[in-house]
Colleague: 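Just dropping this structure here.
The basis for the numbers below is simple: all heavy atoms, side chains too, and nothing from hydrogens, waters or symmetry mates. Residues take their numbers from the sequence shown, with the count starting at 1.
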Amino acid sequence: MMRENQSHITEFLLLGLTSDPKHQVWLFVSFLAMYLVNVGGNSVIIAAIQGDAHLHTPMYFFLSNLSLVDICFTTVIVPQILVNMLTQRKAILFAQCLAQMCFFVAFGTTDSFLLGAMAMDRYVAICHPLHYTTTMNPRRCFQLVTASWLVSHLHSLTHTILMARLSFCGPNIIHHFFCDVQPLLTLSCSDTSVNELLAFTEGSLVIMSPFIFITVSYVYITHAVLRVPSGRGRYKVFSTCGSHLTVVALFYGTVISVYIRPSSTYSVTKDRVITVIYTVVIPMLNPFIYSLRNKDMKQAMKKLMRKTN
């Protein structure tokens with residue numbers, strides 16, 4: 001059938017996580033709770049960092065940006081899920097679906113680049129401490145954050161434009177709880193080879209570049225830490241990286257398992273739980289990971305609470 005004779009789909013149906021009414025209630029409560037904790041926790045992190053002059057350092061500058069991105073990342077997905085559960089209306093307009101996909105990819109990629117910038121900060125602080133203040137100056141930190149946002153949004157816009165050029169004329173049911181790249185590609189009646197090639201090459205490069213940079217940075221960091229003579233000294237130096245390493249392991253462990261593989265092996269049903277982890281659970285956990293073992297953050301939060309009371 002020629003493309004001009006095909007009817008273009010104007011909306012999709014998001015099936016969500018389950019169609020069982022019994023499960024809908026506890027899923028709604030769970031997602032709402034996780035979203036509120038995410039927004040509240042990350043907002044407290046941002047406010048605490050902005051309100052404490054002692055935390056106006058590169059590491060906390062990157063952390064406050066990461067918290068902002070985590071709020072945006074989850075906001076792109078969770079409110080739509082909650083509305084669908086409440087109204088039982090699963091339809092989403094084609095334009096809204098593309099917009100959700102665009103911002104989801106953009107914020108997810110920004111998250112990745114910010115984790116890379118944080119690794120750079122730790123590398124310079126531990127391996128080149130004498131050059132730290134000059135290397136990680138405010139201007140360079142701002143440039144790193146700006147580049148993270150710009151590259152991520154250009155990457156997302158490229159995939160969105162290519163997706164918008166495809167025809168959707170068959171089934172409009174998305175077996176997922178939000179509009180992601182792979183579920184949309186499977187519904188297209190056009191040739192998706194260019195989209196798939198770009199997703200597997202440029203997409204893999206964008207996702208893996210920060211991960212490779214983080215890995216190399218921590219190889220050098222580990223080498224530098226092992227040269228510290230005392231065990232307590234080694235622990236003290238490396239403990240500053242513990243929170244960052246935990247977030248990196250959780251984020252990339254789930255993202256790579258879903259996206260860095262051929263589209264023929266993609267399965268929405270199998271990957272649904274993993275997707276919930278990196279889209280909802282990890283952004284919710286980040287404030288706890290970065291604050292529970294961080295004395296500076298705890299003190300900043302106490303100051304913030306005293307100001308608000």
Colleague: Side chain to side chain contact (heavy atoms under 4.5 Å, CB included) with Val37: which residues, sequence neighbours excluded?
Modeller: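 For Val37, the residues satisfying side chain to side chain contact (heavy atoms under 4.5 Å, CB included) (neighbours in sequence not counted) are Met284, Phe288.
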Colleague: Under 4.5 Å between side-chain heavy atoms, chaining through other members, with only Ile, Leu, Val, Met, Phe, Trp and Tyr counted: pull out the rest of the cluster around Ile161, sorted by chain and number.
Modeller: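 Taking Ile, Leu, Val, Met, Phe, Trp and Tyr as members, Ile161 shares its hydrophobic cluster with Leu157.
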Colleague: Only one of Thr275, Asn84, Ile81 passes side chain to side chain contact (heavy atoms under 4.5 Å, CB included) with Phe178; say which it is.
Modeller: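 The residue from Thr275, Asn84, Ile81 that satisfies side chain to side chain contact (heavy atoms under 4.5 Å, CB included) with Phe178 turns out to be Thr275.
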Colleague: Tabulate below the donor-acceptor pairs under 3.5 Å that side-chain atoms of residues 210-220 make, not counting sequence neighbours, or state none.
Modeller:
{"from": "Thr215", "atom 1": "OG1", "to": "Phe211", "atom 2": "O", "distance (Å)": "2.8"}
{"from": "Ser217", "atom 1": "OG", "to": "Phe213", "atom 2": "O", "distance (Å)": "2.8"}
{"from": "Tyr218", "atom 1": "OH", "to": "His244", "atom 2": "ND1", "distance (Å)": "2.8"}

Colleague: Which residues satisfy the side chain to side chain contact (heavy atoms under 4.5 Å, CB included) test with Thr192, sequence neighbours excluded?
Modeller: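 Here the qualifying residues are Leu166, Leu185, Ser188, Glu196.
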Colleague: Hydrophobic clusters here meaning ILVMFWY residues chained together by side-chain heavy-atom distances under 4.5 Å, can you tell me if Leu205 and Val255 are in one?
Modeller: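 No, it is not one cluster - the side chains of Leu205 and Val255 are not joined through contacts under 4.5 Å.
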Colleague: Mind checking whether Thr254 and Leu250 have side chains closer than 4.5 Å, heavy atoms only?
Modeller: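 They are not in side-chain contact.
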Colleague: Taking the side chain as C-beta and beyond, is there a heavy-atom pair between Leu68 and Asn42 under 4.5 Å?
Modeller: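 No, their side chains stay 4.5 Å or more apart.
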Colleague: Surrounding NE2 of His131 (heavy atoms of other residues, nucleotides or ligands, distance under 6.0 Å), is the total greater than 12?
Modeller: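 Check fails, neighbour count at 12 or below.
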Colleague: Does one hydrophobic cluster hold both Val105 and Met163, with members joined at side-chain heavy-atom distances below 4.5 Å?
Modeller: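 Linked, Val105 and Met163 end up in one cluster.
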Colleague: For Thr134, enumerate each residue passing the side-chain hydrogen bond (donor to acceptor under 3.5 Å, both in side chains) test, keeping only those at least two apart in sequence or located in another chain.
Modeller: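 Thr134: no side-chain hydrogen bond (donor to acceptor under 3.5 Å, both in side chains) contacts found.
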Colleague: Going by heavy atoms in the side chains, are Thr109 and His153 under 4.5 Å from each other?
Modeller: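 No; the side chains remain at least 4.5 Å from each other.
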Colleague: Identify, with sequence neighbours excluded, every residue that meets salt bridge (charged side-chain N to carboxylate O under 4.0 Å, His left out) alongside Glu11.
Modeller: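 Arg89.
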Colleague: Report the residues that fulfil side-chain hydrogen bond (donor to acceptor under 3.5 Å, both in side chains) with Asn195, sequence neighbours left out, ordered by chain and then residue number.
Modeller: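 If we apply the side-chain hydrogen bond (donor to acceptor under 3.5 Å, both in side chains) test to Asn195, skipping adjacent residues, there are no hits.
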Colleague: Can you sort out the partners of Val44 under side chain to side chain contact (heavy atoms under 4.5 Å, CB included), two or more places apart, ordered by chain and number?
Modeller: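 For Val44 the side chain to side chain contact (heavy atoms under 4.5 Å, CB included) partners, ignoring immediate neighbours, are Met301, Leu304.
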Colleague: Strictly by ring-ring contact (aromatic ring centres under 6.0 Å, His included), give each pair with a member in residues 58-95 just once, sequence neighbours left out.
Modeller: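 Non-adjacent pairs meeting ring-ring contact (aromatic ring centres under 6.0 Å, His included): His8-Phe94, Phe12-Phe94, Phe73-Phe104, Phe94-Phe168.
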Colleague: Identify, with sequence neighbours excluded, every residue that meets side-chain hydrogen bond (donor to acceptor under 3.5 Å, both in side chains) alongside His128.
Modeller: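 Here the qualifying residues are Tyr123.
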Colleague: Do the side chains of Met136 and Leu144 get nearer than 4.5 Å, heavy atoms only?
Modeller: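 Touching, per the 4.5 Å side-chain cut-off.
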Colleague: Please enumerate all residues that pass side chain to side chain contact (heavy atoms under 4.5 Å, CB included) together with Ala199, with sequence neighbours excluded.
Modeller: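 So Ala199 forms a side chain to side chain contact (heavy atoms under 4.5 Å, CB included) with His159.
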Colleague: Just so I know, are the side chains of Val206 and Glu202 near enough to count as touching, which here means a heavy-atom distance under 4.5 Å?
Modeller: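 Answer yes - side chains close enough.
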Colleague: Run the side-chain hydrogen bond (donor to acceptor under 3.5 Å, both in side chains) test against Asn286 and tell me which residues pass, sequence neighbours left out.
Modeller: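 Testing Asn286 for side-chain hydrogen bond (donor to acceptor under 3.5 Å, both in side chains), a comparison that skips the adjacent residues, returns Asp70.
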